[in-house]
Amino acid sequence: MPKKDDTNFFEQVYAIVEQVPKGRVTTYGAIAKSLGSGLSARMVGWAMNTCHGDPRIPAQRVVNRNGQLSGKAHFGTPTRMQELLEKDGVAVKNDTVQDFAKRFWDPAIELAL
DNA sequence: TTATTGACGGGTA
DNA sequence: GTACCCGCCAATA
């Protein structure tokens with residue numbers, strides 16, 4: 001039998017990112033922390049990097065702790081990520097999410113409710 | 001096999 | 001606010 005696996009970790013990340021409500025954003029660290037294993041945010045970034053082929057993943061809603069669109073360069077165009085966020089109702093300026101603290105959506109809390 | 005890189009985070013100076 | 005360092009795990013060369 002083929003090893004399905006697919007790094008269960010990545011699926012965990014995808015599951016959370018898909019659950020991010022529109023108009024909200026989360027951070028790599030928050031996702032890693034919600035996985036609760038002391039995973040490194042880098043792995044979350046790696047998971048997103050492998051997300052190519054899964055257009056269902058709203059990666060634009062995932063930013064770093066700085067609220068910066070760190071992964072915008074991985075979209076089709078360097079402005080694609082900002083466009084998507086603004087379309088979701090998230091104000092973005094200078095590749096940075098405005099009111100990030102208010103837009104912040106913590107899976108470790110929201111999913112726990 | 002080892003070394004380097006990577007969509008990061010947190011702490012310290 | 002800015003700069004620098006360490007940690008963390010996986011993939012690639």
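Order of the sequence lines sets the chain letters (A, B, ...), proteins ahead of strands, with each chain counted from 1.
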CH2 on A:Trp46 to CZ on A:Phe9, rounded to 0.5 Å:
12.5 Å
Please tell me whether A:Met48 and A:Ile16 are part of a single hydrophobic cluster in this structure, the criterion being side-chain heavy atoms less than 4.5 Å apart.
yes
For the hydrophobic clusters of this structure (ILVMFWY residues joined by side-chain heavy atoms under 4.5 Å, transitively), does one cluster hold both A:Phe104 and A:Leu69?
yes
Taking atom [atom2] of [N] as reference, at what distance in whole Å does atom [atom1] of [X] sit?
{"X": "A:Tyr28", "N": "C:dC9", "atom1": "OH", "atom2": "C1'", "answer": "16 Å"}
{"X": "A:Met48", "N": "B:dG9", "atom1": "CE", "atom2": "C1'", "answer": "17 Å"}
{"X": "A:Asp106", "N": "B:dG9", "atom1": "CG", "atom2": "P", "answer": "13 Å"}
{"X": "A:Phe9", "N": "C:dC9", "atom1": "CZ", "atom2": "C1'", "answer": "8 Å"}
{"X": "A:Gln68", "N": "C:dT2", "atom1": "CD", "atom2": "C1'", "answer": "13 Å"}
{"X": "A:Phe75", "N": "B:dA7", "atom1": "CZ", "atom2": "P", "answer": "13 Å"}
{"X": "A:Leu35", "N": "C:dC9", "atom1": "CG", "atom2": "P", "answer": "13 Å"}
{"X": "A:Asn64", "N": "B:dG6", "atom1": "CG", "atom2": "C1'", "answer": "14 Å"}

Which listed nucleotide (B:dA7, B:dG9, C:dA10) is nearest to the side chain of A:Arg65?
B:dG9
Identify which nucleotide among B:dA7, B:dG6, B:dG9 has an atom closest to any side-chain atom of A:Ala41, counting heavy atoms from C-beta outward.
B:dG9
In whole Å, what separates the C1' atom of B:dA7 from that of C:dA3?
22 Å
Spacing of the P atoms in B:dT4 and C:dC6 (rounded, Å):
15 Å
Look at the side chain of A:Arg103 and the backbone N and O of A:Gly23, then say whether any donor-acceptor pair between them is shorter than 3.5 Å.
yes
For a quick check of understanding: with a heavy-atom distance under 4.0 Å over all strands, which category does A:Ala73 fall into, base, sugar-phosphate or nothing?
nothing
Under 4.0 angstrom, heavy atoms only, what part of the nucleic acid is A:Thr50 near: base, sugar-phosphate, or nothing?
nothing
For a salt bridge (Lys or Arg N to Asp or Glu O under 4.0 Å) with A:Asp88, tell me which candidate from A:Arg24, A:Lys22, A:Arg61 qualifies.
A:Arg61
